[in-house]
Participant: 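Quick one: this structure, given as C-alpha cells, is what I'll be asking you about.
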Amino acid sequence: MKIVWEKWSWTMLTLLILFSLGAGLWVATKKIDYTWRWNRVPQYFVYHNEDAQTVPFDARVTKIEQGRESATVTVISENDVTETFVVDTNEVAVSVDEDLFEGDTIGYTLEWRAGPLLVGLWTTLWLSAAASVLGLIIGLITGLCRVSTNTTLRQLSVFYIEIIRGTPLLVQIFIFYFFLGTVLDISRIVAGISALAIFAGAYVAEIIRAGIQSIPKGQMEAARSLGMNVPQAMIHIILPQAFKRTLPPLAGQFISLIKDSSLVSVIAITDLTKSGREVITSTFATFEIWFVVAFLYLLLTSVLSQVIAWVERRLAVSD
Amino acid sequence: MIKTVDLKKTFIGRGQTVHAVDGVSAHIKPSEVVVIIGPSGSGKSTYLRCLNGLETLSSGHIIIDGVDLSDRKTDLNLVRREVGMVFQQFNLFPHKSVLQNIVLAQQVVRKRKTEEAEEKARMLLKKVGIPEKEHEYPIRLSGGQQQRVAIARALAMDPKVMLFDEPTSALDPEMVGEVLEVMKQLAREGMTMVVVTHEMGFAREVADRVLFMDQGKLVEEGTPEHFFTAPQEERTKAFLRQVL
C-alpha cells in the first residue's frame, strides 16, 4: 500500500513538471505575436474535393433522375446525341429543359481526398519500409561476410561499413542523387531509397555481427558435430538465436531510419517533412505544422516499437 | 573403427606454442568402450575433438571407418554424421524444444520425413528416460535431463561411434548418476564409445580399455583391472594417487 502511494505521488510530481513546462511554453508563445490557427490543419490531412461535371457541347437537359446519393442527368445535343452525367444529389446545378452551352457546369461530385500531410506520411512510411527491408538484407549479407573466414569478404565488408559510418547521411544522399543518379540514370526515389538502405545496412551489419559473435561457440560445434555444414548451421541454429538477441538494437536502427528518411526531402522527394514545408508556404501556420509533423513521426516510430516489442514477447517462449 | 597415427595438434598463440596433442597413436575397435583419463590440460579433450574434425590436425592421420579425415578431399560433414558427440556444456539449441532439438539434424542432414524423425526422437527420449519432456525448452530442464537430451540428439543420427567430452563435469553431483546410467546402457548395447571423463567409477566398471594421457602424450593404456591395480608408469601412479 505504502509503495503504491509512493509511486502515485511521484507520478503526480512528473505530471506537475510536465504541466508547468507546458504552461511556461504557453506563456512564452503568448508574449510573441503569433496567431495559432489549428483549425487550418485538418484540411491538409483530408479534404472534400469538388469535381465539376461540364457538358462537352451545346445541349438541353431532358431528364434528371434523383437517387439517394447521386443524380443522373441526361442531356441531348442539337444533333440528337444523348449523354448522361452522374453528380451528387445535392449538387445538381441544372433543371429539366434548361438549355446549356458547351462548358456549362451540370453539377459537382464530392469526394474525400488525402491531403498533402497524409500523402507525405504515406511516402515516408513506404520509403522507410522499403529502405528497412533492403537495409536488413544488405546488413545480413555484410554481417555474414564480416564474420566469414574469407579475408577478402571480411576486408570488403569492413571497407563498406567504415565508409558509410564515417560520412554524413545527408552527404551520401547528395552523392547518390547527383553523382550516381546521373551516372546510372536512376530516379530520385530510387536514389533516396538506396541511400537510406545502404546507410542502414552498414549499421545493421555491425548489429548482426555482434549478434552472431554473442552466440556461444558450442552452438556451432554442436550443429557441426551433427553433420550440418556451415550454411545449414547458420540458418537453423545461429541466425535464429542471433536474430532474437539483436531485435532490440535492430528496432532502434529502424526507428532511426524512419527519422533519417526526413533527409531525402533535400532531393525533392515529397515525404512528410517536405509536405510539411509545402503546407507551411501556403498557410503560414509554421508552428502548428511542425508540431503536427513531429507528432506523425512519433506515431510511426511508436507503432514500430510496439510491433517489435510484440515480436520480442513472441520469441521469449524459449527463455 | 577409429585409428589415429601420430596425431599432433599444436596451438600457436601470442609468442607461445602449445603442443596440446603430441603424437598420439591409438586404435579403437568396433563396440569397444575406451575411456581417456588424465589431468586437466593433458590434451584429452583436444584429442577427442580432433576425432570428429572440430579441431584441424597439425599433423598425423585419423582414419574412421576407412576414411582419412586428414585427407583434404574428405567431406568432414559426411564423417561427422557417423560420429556422435556429447559435450560438457550440453550445447542444446535453446530456441528449439526438446523434440525439435532431436528432430532438426535428422531432417536437415539425413533428409528424413518429419513423422519418421519425430517417431525416432520419441523413441530415443523414452530410452533416455524423459519421454514427457518433449515439448519443453532446454532451459526448463535440469542439467542431467539436458545432457540426456543431448545424448538422444546425437543418437538420432544413427552414429557408428559416440564421443563423450566430459559429459558429467558440468552437472550437479546428484545428476551424474542418471547420465552415466544412459551411457552404461549404450555400452551394453554394443556402441563404440570414446569417453573423456573424471569418473573413475565409470572407467572401472564400463571401460574395455583405459588410456591415460599427460602433456599431450599417451602415457599408458590397458584394461581397467591392469590400469587401476597395477599401473606401470610413474606419472600414472602419481595421478591415480591424487584422484582415488
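Only this structure's heavy atoms are used, side chains among them; waters, hydrogens and symmetry mates stay out. Letters A, B, ... are given to chains in the order of the sequence lines, protein chains preceding strands, and every chain is numbered from 1.
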Participant: Using 0.5 Å steps for rounding, measure from the CG atom of B:Asn101 to the CD1 atom of A:Ile237.
Facilitator: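 Answer rounded to 0.5 Å: 7.5 Å.
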Participant: For B:Lys111 versus A:Gln232, what's the shortest heavy-atom pair and its separation?
Facilitator: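 Answer, listing the atom of B:Lys111 first, then A:Gln232: NZ-NE2, 4.0 Å.
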Participant: With a 4.5 angstrom heavy-atom cut-off, could you sort out which part of B:Phe93 is near chain A: side chain, backbone, both or neither?
Facilitator: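 Its backbone and side chain both get close to chain A.
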Participant: Please name the pair of heavy atoms, one in A:Met228 and one in B:Val108, separated by the smallest distance, quoted to 0.1 Å.
Facilitator: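 Nearest pair, atom of A:Met228 first, then B:Val108: CG-CG1, 4.4 Å.
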Participant: So does A:His236 get a backbone contact from the side chain of B:His95, meaning a donor-acceptor N/O pair under 3.5 Å?
Facilitator: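 Answer holds: yes.
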Participant: Please step through side chain to side chain contact (heavy atoms under 4.5 Å, CB included) for the pair B:Met85 and A:Leu226, ending with a clear verdict.
Facilitator: CA-CA 8 Å; B:Met85 177 131 184; A:Leu226 289 166; over 6 Å; no
Participant: Within a radius of less than 6.0 Å around CD1 of B:Ile139, do more than 12 heavy atoms belonging to other residues, nucleotides or ligands occur?
Facilitator: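 Incorrect, the count does not exceed 12.
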Participant: Answer yes or no: is there a donor N or O on one side and an acceptor on the other, between the side chain of B:Asn91 and the main chain of A:Gly218, under 3.5 Å?
Facilitator: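 Such a contact is found between B:Asn91 side chain and A:Gly218 backbone.
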Participant: What are the two closest non-hydrogen atoms of A:Ala222 and B:Phe87, and how far apart are they?
Facilitator: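 That would be CA-CE1, 3.6 Å.
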Participant: Between B:Arg153 and chain A, with a heavy-atom cut-off of 4.5 Å, which part of the residue counts as in contact: side chain, backbone, both or neither?
Facilitator: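 Contact with chain A involves both backbone and side-chain atoms of B:Arg153.
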Participant: Return the minimal non-hydrogen interatomic distance between B:Arg49 and A:Glu221, and the atom names on each side.
Facilitator: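 It is NH2-OE2, 2.6 Å.
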Participant: Which heavy atom of B:Leu92 sits nearest a heavy atom of A:Gln219, and at what distance?
Facilitator: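 B:Leu92 and A:Gln219 have their closest heavy atoms at O-NE2, 2.8 Å.
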Participant: What do you reckon, is NZ of B:Lys184 surrounded by more than 12 foreign heavy atoms closer than 6.0 Å?
Facilitator: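 Yes, because the 6.0 Å sphere around NZ of B:Lys184 holds more than 12 heavy atoms from other groups.
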Participant: Determine whether more than 12 heavy atoms belonging to other residues, nucleotides or ligands lie under 6.0 Å from atom CD of A:Gln213.
Facilitator: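 Count over threshold, so yes.
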Participant: Any idea which of B:Arg110, B:Gln89, B:Arg140 has the most non-hydrogen atom pairs under 4.5 angstrom with chain A?
Facilitator: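 Heavy-atom pair counts peak at B:Arg140.
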